[in-house]
A.B. asks: 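Sending over a structure as structure tokens; questions will come in a sec.
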2 protein chains.
Amino acid sequence: MAVYTQLSAETLAELVAHYDVGELVSAKGIAEGVSNSNWLLETAWRAGGRRFILTMYERRIAVADLPFFLGLLDHLSAAGLPVPHTIHDSAGAAWREVQGKAVALIEFLPGISVDRPTPGQAGAVGAVLARLHMAARDFGRTRANDLGPDTSARVLADCGGAALAAIDPSLPTMADEAARVAGAWPGGLPQSVIHSDLFPDNVLILGDRVSGLIDFYFACQDAMAYDLAVTHAAWSFADEGRSYRAEIGAAMVAGYESVRPLEPAERAALPLLAEAACLRFVSSRAQDWIETPADALVTRKDPMDFVRRFEAYRAGGGEMFA
Amino acid sequence: MAVYTQLSAETLAELVAHYDVGELVSAKGIAEGVSNSNWLLETAWRAGGRRFILTMYERRIAVADLPFFLGLLDHLSAAGLPVPHTIHDSAGAAWREVQGKAVALIEFLPGISVDRPTPGQAGAVGAVLARLHMAARDFGRTRANDLGPDTSARVLADCGGAALAAIDPSLPTMADEAARVAGAWPGGLPQSVIHSDLFPDNVLILGDRVSGLIDFYFACQDAMAYDLAVTHAAWSFADEGRSYRAEIGAAMVAGYESVRPLEPAERAALPLLAEAACLRFVSSRAQDWIETPADALVTRKDPMDFVRRFEAYRAGGGEMFA
């Protein structure tokens with residue numbers, strides 16, 4: 001979370017003038033997004049105001065991917081999903097350039113991100129994830145998953161056993177587990193465009209209703225059941241991965257299946273997909289941990305949180321999805 | 001700018017429930033304030049929404065000073081100044097405690113902070129500063145200025161000539177200048193509660209209208225003309241203190257005097273007060289510079305910016321306020 005770039009009010013007002021949204025009346029840099037800078041903007045519009053998120057793409061996101069990411073927002077929003085659509089400028093462009101960086105103006109959605117979800121909320125998230133998968137099938141653009149099981153295995157192998165053991169003695173075995181999971185990856189599961197990072201941070205909720213899905217910058221083409229496994233792993237644990245909240249996991253799968261019933265092959269694959277989901281986060285967090293100095297001001301996410309979740313899925317198998 | 005503390009949505013919603021403002025529907029950590037964490041909150045309220053700034057006092061601000069700071073907001077707001085008032089909780093308290101830290105819910109005001117003010121904006125700021133001084137006279141609480149000219153002189157002396165010279169060879173002379181200014185400080189100038197930190201960052205503007213004055217956490221009892229000098233020094237320069245924008249300074253003093261004409265003693269003192277204002281920021285920035293490692297992720301403000309402004313006032317004397 002950060003605002004990496006300072007933009008003056010004059011620069012923001014000049015930018016907003018390229019859109020047919022009224023005059024800028026407020027701009028606050030917000031602490032959201034790990035690889036972007038974000039501002040909450042308000043413009044004067046008829047009787048009231050309109051609000052937007054301005055995102056500046058700082059790093060890690062390739063401008064070549066913006067037609068995919070921003071087009072996906074518009075496609076899902078048009079399909080009735082609670083996804084913010086992109087505001088196009090007066091010339092029709094979905095993004096502009098400011099100080100050499102791409103920026104996009106995106107609809108603001110209300111809602112808050114819960115820390116400890118209720119079963120009702122988990123069910124709603126499962127259902128909206130299934131709707132997302134159905135609606136994304138005819139999106140028409142595609143993007144490969146560059147953080148799949150092969151990547152997890154390679155990243156952990158590249159970290160090296162000594163560096164992993166320095167974080168935790170049990171971590172080096174994860175490299176072997178990742179190689180096993182990559183080798184066992186099931187082909188032929190039904191695919192769509194998936195979110196692939198639907199942590200509670202990226203879901204806005206009002207009561208038991210999902211009011212917003214945000215941060216699609218890991219979206220890619222992959223197995224729909226894998227996305228359910230990622231979301232299951234991200235939502236169904238408490239105490240930094242130490243305790244499994246069975247009622248949350250069950251409500252999420254039930255919510256998903258209320259919209260799109262899983263095929264037998266998907267259901268059978270879920271335990272392995274969940275292991276893969278955990279290893280995806282173990283690998284990126286281990287890499288970040290090794291590359292980030294301990295005294296840096298940015299918070300390193302502990303890879304052990306997802307090692308514990310991985311072990312729960314490996315031990316529990318299909319019972320975690322019963 | 002920072003959000004030093006993470007608060008879960010559940011914690012924020014529970015906090016907001018203590019106020020009669022409706023249910024929380026949005027919460028964004030915002031990158032504002034140097035010694036506080038701040039969130040922009042929205043609640044559902046009848047047909048529309050209400051917005052607030054939630055401030056958590058992290059450090060440097062003594063809880064014992066909160067009745068002064070928050071009471072001042074309410075006093076000035078009630079007097080019609082564009083100052084956000086404090087929202088009191090259902091039991092009437094102006095602040096509460098969350099995770100052992102004081103928090104206050106404060107009205108949200110629209111407006112943007114300009115980088116390069118126009119004369120019209122500078123005039124409006126001068127006028128509203130004079131209104132603030134008039135309205136604060138009957139506030140009834142007081143707080144000493146702990147960053148006055150004696151403090152500047154002591155801080156610069158404590159830095160030591162070698163450390164100052166390591167920043168810039170011309171900086172050690174500022175310790176002598178600060179001692180001279182502290183010794184020449186005029187007594188008997190008319191006082192009120194002053195803002196004492198009214199940089200463009202702390203003023204929200206819509207067109208040529210001041211829509212908000214914020215961040216009163218340096219407010220104290222002191223000479224009103226000194227506050228005008230601080231604001232003059234903060235607004236009337238460009239290029240990091242290298243160029244004086246005479247039209248901005250003139251518009252600000254004229255705006256101030258359109259509401260509250262300066263007494264002859266105040267006008268005569270302005271050049272010295274402006275020197276003192278510059279040395280106040282030279283001293284705190286030099287101290288921060290020396291105490292902050294060069295590779296820290298926080299941005300150090302260059303003390304030389306205000307050394308250049310100091311030299312402009314010393315060379316220009318009364319002509320800077322003609």
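The chains referred to below are lettered A, B, ... by the order of the sequence lines, with proteins before strands, and numbering in each begins at 1.
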A.B. asks: How far does CG of B:Leu204 sit from OG of A:Ser26, to the nearest 0.5 angstrom?
C.D. replies: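 Output value for this atom pair is 7.5 Å.
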A.B. asks: Please rank B:Gly111, B:Pro110, B:Ser211 by heavy-atom pairs under 4.5 Å with chain A and give me the top one.
C.D. replies: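 Highest number of pairs under 4.5 Å: B:Gly111.
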A.B. asks: Looking at A:Ala9 and B:Ser113, what are the two nearest heavy atoms and their distance?
C.D. replies: CB-O, 2.9 Å
A.B. asks: Taking A:Val114's backbone N and O only, do any of them form a donor-acceptor pair with B:Glu10's side chain (distance below 3.5 Å, no angle check)?
C.D. replies: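 Checking the backbone N and O of A:Val114 against the side chain of B:Glu10, no donor-acceptor pair under 3.5 Å is found.
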A.B. asks: Tell me, with the steps shown, if B:Leu40 and A:Leu40 meet side chain to side chain contact (heavy atoms under 4.5 Å, CB included).
C.D. replies: CA-CA 9 Å; B:Leu40 179 54; A:Leu40 178 53; 3.3 Å; yes
A.B. asks: Using every non-hydrogen atom in the two residues, find where A:Leu206 and B:Leu24 come nearest and quote the distance to one decimal.
C.D. replies: CD2-O, 4.4 Å
A.B. asks: Contact part of A:Ile112 toward chain B, heavy-atom cut-off under 4.5 Å: side chain, backbone, both or neither?
C.D. replies: both
A.B. asks: Can you tell me if CZ on B:Arg242 sees more than 12 non-hydrogen neighbours from other groups inside 6.0 Å?
C.D. replies: yes
A.B. asks: To the closest 0.5 Å, what do you measure between CG (A:Asn38) and CD1 (B:Ile30)?
C.D. replies: 14.0 Å
A.B. asks: Return the NZ to CZ distance between B:Lys28 and A:Arg51, rounded to the nearest 0.5 Å.
C.D. replies: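 Output value for this atom pair is 10.0 Å.
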A.B. asks: So does A:Glu247 have more than 12 non-hydrogen atoms from other groups sitting under 6.0 Å from CD?
C.D. replies: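 Enclosed.
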